[in-house]
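Following: one structure in C-alpha coordinates, then a few remarks.
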Amino acid sequence: QVHLVESGGGLVQPGGSLRLSCTATGDISAIANFGWYRQAPGKMRQFVALTLTDGRTNHDTSVMGRVTMDSDRAKDTSSLQVNNLKSDDRDIYYCKAGVNEKFTWGQGTQVTVSA
(Lines give C-alpha, C1' and ligand atoms only; values in the text may rest on other atoms or scores of the structure.)
Protein backbone atom coordinates (compact mmCIF):
# COMPACT_ATOMS: atom_id res chain seq x y z
CA GLN A 1 0.00 0.00 0.00
CA VAL A 2 1.03 3.60 -0.68
CA HIS A 3 0.21 6.39 1.78
CA LEU A 4 0.34 10.11 1.00
CA VAL A 5 0.59 13.07 3.38
CA GLU A 6 0.20 16.70 2.24
CA SER A 7 1.52 19.78 4.01
CA GLY A 8 2.12 23.48 3.42
CA GLY A 9 -1.42 24.84 3.39
CA GLY A 10 -2.48 27.86 5.40
CA LEU A 11 -3.83 31.40 5.31
CA VAL A 12 -2.49 33.82 2.70
CA GLN A 13 -3.56 37.20 1.35
CA PRO A 14 -4.68 37.63 -2.26
CA GLY A 15 -1.62 37.76 -4.48
CA GLY A 16 0.45 35.69 -2.07
CA SER A 17 2.13 32.34 -2.66
CA LEU A 18 2.26 28.89 -1.07
CA ARG A 19 4.37 25.80 -1.59
CA LEU A 20 2.50 22.56 -0.96
CA SER A 21 4.33 19.27 -0.38
CA CYS A 22 3.37 15.60 -0.65
CA THR A 23 5.33 12.75 0.93
CA ALA A 24 4.74 9.11 0.00
CA THR A 25 5.44 6.02 2.11
CA GLY A 26 4.85 2.31 1.65
CA ASP A 27 5.34 0.49 -1.65
CA ILE A 28 7.06 3.44 -3.33
CA SER A 29 8.30 1.38 -6.30
CA ALA A 30 4.69 0.94 -7.44
CA ILE A 31 4.09 4.68 -7.95
CA ALA A 32 3.87 5.64 -11.63
CA ASN A 33 3.30 9.39 -11.25
CA PHE A 34 1.93 12.17 -9.01
CA GLY A 35 -0.94 14.62 -9.43
CA TRP A 36 -2.47 17.55 -7.55
CA TYR A 37 -6.20 18.30 -7.26
CA ARG A 38 -8.36 20.73 -5.29
CA GLN A 39 -11.88 20.67 -3.91
CA ALA A 40 -14.25 23.28 -2.47
CA PRO A 41 -17.04 22.35 -0.02
CA GLY A 42 -19.95 20.75 -1.89
CA LYS A 43 -18.03 20.66 -5.16
CA MET A 44 -16.33 17.94 -7.17
CA ARG A 45 -12.60 17.47 -6.90
CA GLN A 46 -10.84 19.31 -9.76
CA PHE A 47 -7.57 18.73 -11.56
CA VAL A 48 -4.68 21.15 -10.96
CA ALA A 49 -1.47 19.54 -12.22
CA LEU A 50 0.20 16.17 -12.78
CA THR A 51 3.36 14.53 -14.01
CA LEU A 52 3.13 12.48 -17.20
CA THR A 53 4.62 9.03 -17.68
CA ASP A 54 7.62 10.52 -19.52
CA GLY A 55 8.32 12.98 -16.71
CA ARG A 56 6.72 16.08 -18.22
CA THR A 57 4.08 18.07 -16.34
CA ASN A 58 0.61 19.20 -17.33
CA HIS A 59 -1.47 21.99 -15.75
CA ASP A 60 -5.11 22.99 -15.80
CA THR A 61 -5.93 26.30 -17.50
CA SER A 62 -7.29 27.69 -14.24
CA VAL A 63 -3.75 27.82 -12.82
CA MET A 64 -1.76 28.27 -16.03
CA GLY A 65 1.20 30.56 -15.43
CA ARG A 66 0.78 30.47 -11.64
CA VAL A 67 1.75 26.89 -10.76
CA THR A 68 4.99 24.93 -10.80
CA MET A 69 4.90 21.22 -9.99
CA ASP A 70 7.94 19.12 -9.14
CA SER A 71 8.20 15.39 -8.34
CA ASP A 72 11.30 13.78 -6.83
CA ARG A 73 11.11 9.99 -6.92
CA ALA A 74 14.45 9.70 -5.13
CA LYS A 75 12.90 11.42 -2.10
CA ASP A 76 9.37 10.11 -2.79
CA THR A 77 7.94 13.61 -2.73
CA SER A 78 5.99 16.01 -4.92
CA SER A 79 5.58 19.76 -4.52
CA LEU A 80 3.17 22.36 -5.90
CA GLN A 81 4.19 26.02 -5.95
CA VAL A 82 1.17 28.29 -6.37
CA ASN A 83 1.71 32.01 -7.01
CA ASN A 84 -0.66 34.98 -7.22
CA LEU A 85 -3.35 33.26 -5.18
CA LYS A 86 -6.93 34.43 -5.68
CA SER A 87 -10.05 34.19 -3.52
CA ASP A 88 -11.44 31.30 -5.58
CA ASP A 89 -8.24 29.32 -4.91
CA ARG A 90 -9.59 28.68 -1.38
CA ASP A 91 -9.85 24.89 -1.47
CA ILE A 92 -8.50 21.72 0.07
CA TYR A 93 -5.58 20.56 -2.05
CA TYR A 94 -5.00 16.82 -2.48
CA CYS A 95 -2.01 14.82 -3.64
CA LYS A 96 -2.66 11.76 -5.85
CA ALA A 97 -0.38 8.89 -6.80
CA GLY A 98 -0.93 6.49 -9.67
CA VAL A 99 -0.35 2.96 -8.40
CA ASN A 100 -0.80 -0.11 -10.63
CA GLU A 101 -3.37 1.65 -12.85
CA LYS A 102 -5.30 2.79 -9.76
CA PHE A 103 -5.09 5.93 -7.62
CA THR A 104 -4.19 6.65 -3.99
CA TRP A 105 -5.13 9.94 -2.33
CA GLY A 106 -3.81 11.90 0.62
CA GLN A 107 -6.07 13.55 3.21
CA GLY A 108 -5.55 17.06 1.84
CA THR A 109 -4.21 20.39 3.08
CA GLN A 110 -6.39 23.51 3.46
CA VAL A 111 -5.56 26.68 1.55
CA THR A 112 -7.39 29.84 2.66
CA VAL A 113 -7.11 33.10 0.71
CA SER A 114 -8.38 36.16 2.57
CA ALA A 115 -7.47 39.80 3.03
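These values consider heavy atoms only, across backbone and side chains, with no hydrogens, waters or symmetry-generated copies.
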Say whether Val82 and Ile92 are linked into one hydrophobic cluster, either directly or through other cluster members, by side-chain heavy-atom distances under 4.5 angstrom.
no
Would you say Leu50 ends up clustered with Tyr94 if hydrophobic residues are merged whenever their side chains have heavy atoms under 4.5 Å apart, either directly or through other cluster members?
yes
Yes or no on side-chain contact (heavy atoms from CB on, under 4.5 Å) for Val48 and Asp60, after CA distance, side-chain angles and deciding distance?
CA-CA 5 Å; Val48 177; Asp60 186 72; 5.6 Å; no
Check whether Glu6 reaches the backbone of Cys22 with its side chain - one donor and one acceptor, N or O, closer than 3.5 Å.
no
Taking CZ in Arg90 as the centre, count heavy atoms belonging to other residues, nucleotides or ligands within less than 6.0 Å. Is the count above 12?
no
Give me the one residue out of Thr51, Leu80, Asp70, Thr57 that meets side-chain contact (heavy atoms from CB on, under 4.5 Å) with Phe34.
Thr51
side-chain contact (heavy atoms from CB on, under 4.5 Å) with Thr23: of Thr77, Asp76, Leu4, only one passes, and it is Thr77
Taking Phe47 as the starting point, is it possible to reach Leu52 by hopping between hydrophobic residues whose side chains are less than 4.5 Å apart?
yes
Can you pull out every side-chain hydrogen bond (donor to acceptor under 3.5 Å, both in side chains) where at least one residue sits in residues 96-115? Sequence neighbours excluded, please.
Tyr37-Lys96
Of all the heavy-atom pairs spanning Tyr93 and Asp89, show the shortest one and how long it is.
OH-O, 2.9 Å
For residues Met69 and Ser78, report the shortest heavy-atom separation together with the two atoms involved.
CE-OG, 3.4 Å
Would a 4.5 Å heavy-atom cut-off, applied to side chains only, mark Leu20 and Val111 as touching?
yes
Using the salt bridge (Lys or Arg N to Asp or Glu O under 4.0 Å) criterion, which residues pair with Asp91? Sequence neighbours excluded.
Arg38
Please assess Arg19 against Ser17 for the test side-chain hydrogen bond (donor to acceptor under 3.5 Å, both in side chains), listing each intermediate value before the final yes or no.
CA-CA 7 Å; Arg19 182 180 182 273; Ser17 300; over 6 Å; no
Please report the shortest heavy-atom distance between Val2 and Ile31, naming the atom on each side.
CG1-CD1, 3.8 Å
